[in-house]
Protein chains: 2
Amino acid sequence: MKEQLENKSTPLFPISTAAELLGISVHTLRMYEKEGLIVPFKKDSNQRRYSRADLERIQCVRRAINEDKISIEGIKRMLALIPCWSIMKCSDKEREACPAYINMEKPCWAYNLEDNVCAKMNCSECEVYNSFVECNSIKDYMKQNWGK
Amino acid sequence: MKEQLENKSTPLFPISTAAELLGISVHTLRMYEKEGLIVPFKKDSNQRRYSRADLERIQCVRRAINEDKISIEGIKRMLALIPCWSIMKCSDKEREACPAYINMEKPCWAYNLEDNVCAKMNCSECEVYNSFVECNSIKDYMKQNWGK
DNA sequence: GAAAGTTGATATTTATAAATACCAAGTATT
DNA sequence: AATACTTGGTATTTATAAATATCAACTTTC
């Protein structure tokens, strides 16, 4: 029994239910995923299951695109600024070998990292991914860390 | 004699020359400025003069828009992440009153700040503005500050 | 085991951001 | 004082990102 209690990250809804709840099409959801904006849980059969946190995150993405007029590429670049290397306490050696540290086109969870901490874990359960659900969270994070 | 030597931030070119050097229209330049992406020097007569650093910055903006497909709104949000409050050593009181600290839609230099350090100075000569000419500089800055 | 829902992929539509063109009034240059 | 350039504004064009539609093969559900 790894996870008994239901929480915000519990995989619940199949794609059609998620789409309905959000008022968007199933294809749009898959497109966001392909772009690396979201990482829904996948069952063994490869079917997606969306959590409440996923829905919240998708609403943020949606607002960013449709109201704030930030392009998907722009959102990806912003998410690429999350200091995952610091949160995951990567060694200098790991950093120098990690495309998520080196590059800046997309968030760490949009890579398929095979030779560091991230290889062992599922991004949909990772602290990095789950600490930045809300859109404002990146600037808030910077404010905290550059307090003085 | 405040500034005798010519450097990267020396105001040199009128708008038409800048446009020609960059291969874009005069109006596009004004548009970038209106959006708050650039702050060229202005003469007393209100005419713009572009420095070499301005040209470099505009090339970065251009690449971001046309090659990387980041929208102008997206660029603004990225630049809004620059921790100006830390660079300028703003007090807690100043921070709490500053829209550039509170909000996240646009870079600090796109505001007309009247009641803090920024009121006294010209953004085109400010350290914050001049430390982030290159597009990669924000992530680089984060890497430096979250080294360990 | 039949019906409903899912998978990924490509092709098409639509909404709009980015750039351009045009304007009259003001400034610079000779 | 005449010519060339700049100012800020709106109105228009164009390039394309975001979303939709359609597809055959595969999975879930009852």
Side-chain angles (χ1 to χ4, degrees), chain A residues 11-51 54 57-79 105-106 110 112 135, chain B residues 11-51 54 57-79 105-106 110 112 135:
Chain A
L12 291 172
F13 313 109
I15 195 164
S16 61
T17 310
E20 199 174 17
L21 286 169
L22 290 162
I24 61 178
S25 85
V26 161
H27 274 85
T28 302
L29 279 175
R30 282 215 220 85
M31 188 239 208
Y32 290 163
E33 182 180 341
K34 201 180 175 188
E35 293 283 3
L37 296 177
I38 51 173
V39 186
F41 176 82
K42 293 229 181 171
K43 303 210 304 178
D44 293 338
S45 62
N46 201 35
Q47 286 204 357
R48 298 163 177 85
R49 286 297 178 270
Y50 292 83
S51 69
D54 284 326
R57 168 176 250 113
I58 293 160
Q59 279 176 326
C60 289
V61 165
R62 210 110 242 286
R63 241 177 286 129
I65 296 171
N66 298 313
E67 293 172 30
D68 303 337
K69 308 300 175 189
I70 307 172
S71 65
I72 288 179
E73 285 301 324
I75 300 172
K76 285 163 69 177
R77 300 260 167 168
M78 295 207 57
L79 295 172
E105 318 89 53
K106 50 183 182 177
N112 242 349
C135 315
Chain B
L12 293 173
F13 313 110
I15 195 164
S16 61
T17 309
E20 199 174 15
L21 286 169
L22 291 162
I24 62 178
S25 85
V26 160
H27 274 85
T28 303
L29 280 175
R30 283 216 219 83
M31 189 239 207
Y32 290 163
E33 182 181 342
K34 200 179 176 190
E35 293 283 4
L37 297 178
I38 51 174
V39 186
F41 176 82
K42 293 227 182 173
K43 302 210 303 178
D44 293 338
S45 62
N46 201 35
Q47 286 205 356
R48 298 164 177 83
R49 287 296 178 270
Y50 293 82
S51 68
D54 284 327
R57 167 177 251 114
I58 293 160
Q59 279 177 325
C60 289
V61 165
R62 209 111 243 285
R63 241 177 285 128
I65 296 170
N66 299 313
E67 293 172 30
D68 302 338
K69 307 301 176 188
I70 307 173
S71 65
I72 288 178
E73 285 300 324
I75 299 171
K76 286 163 69 178
R77 300 258 167 170
M78 294 206 57
L79 295 172
E105 318 88 54
K106 51 183 183 178
N112 243 348
C135 314

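Everything numeric here is computed off the predicted structure, so don't read it as measured data. Chain letters run A, B, ... following the sequence lines, proteins first, then strands; residues in each count from 1.
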Nearest atoms (heavy-atom pairs only) where [X] meets [Y]:
X        : Y       : value
A:Ala19  : A:Ser25 : CB-C, 4.0 Å
A:Glu73  : B:Lys69 : CB-O, 3.4 Å
A:Val61  : A:Leu37 : CG1-CD1, 3.7 Å
B:Ala110 : B:Gly36 : CB-CA, 3.9 Å
A:Arg48  : A:Tyr50 : CD-OH, 3.4 Å
B:Pro40  : B:Arg49 : CB-O, 4.1 Å

Give the residues of residues 61-74 of chain A touching DNA chain C, defined as any heavy atom closer than 4.0 Å, sorted by residue number.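 The answer is A:Lys69.
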d([atom1], [X]; [atom2], [N]) in whole Å:
X       : N      : atom1 : atom2 : value
B:Met31 : D:dT6  : CE    : P     : 20 Å
B:Leu37 : C:dA18 : CG    : C1'   : 12 Å
B:Glu35 : D:dG8  : CD    : C1'   : 15 Å
B:Ile24 : C:dA21 : CD1   : P     : 13 Å
B:Leu29 : D:dC5  : CG    : P     : 16 Å

Looking at B:Leu22, B:Asp54, B:Leu21, which one forms a side chain to side chain contact (heavy atoms under 4.5 Å, CB included) with B:Phe13?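 Considering B:Leu22, B:Asp54, B:Leu21, a side chain to side chain contact (heavy atoms under 4.5 Å, CB included) with B:Phe13 is found only for B:Leu21.
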Any B:Tyr32 side-chain N or O less than 4.0 Å from OP1/OP2 of C:dA18: no
For D:dT20 and A:Thr28 - does any side-chain N or O of the residue sit under 4.0 Å from the phosphate oxygens OP1/OP2? yes
Partners of B:Glu35 by side-chain hydrogen bond (donor to acceptor under 3.5 Å, both in side chains), sequence neighbours excluded?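 B:Glu35: side-chain hydrogen bond (donor to acceptor under 3.5 Å, both in side chains) contacts with B:Lys76.
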Contact string for nucleotides 5-10 of chain C, one letter per nucleotide 5' to 3', B = base within protein heavy-atom range under 4.0 Å, S = sugar-phosphate only, - = neither, reads SSBBB-
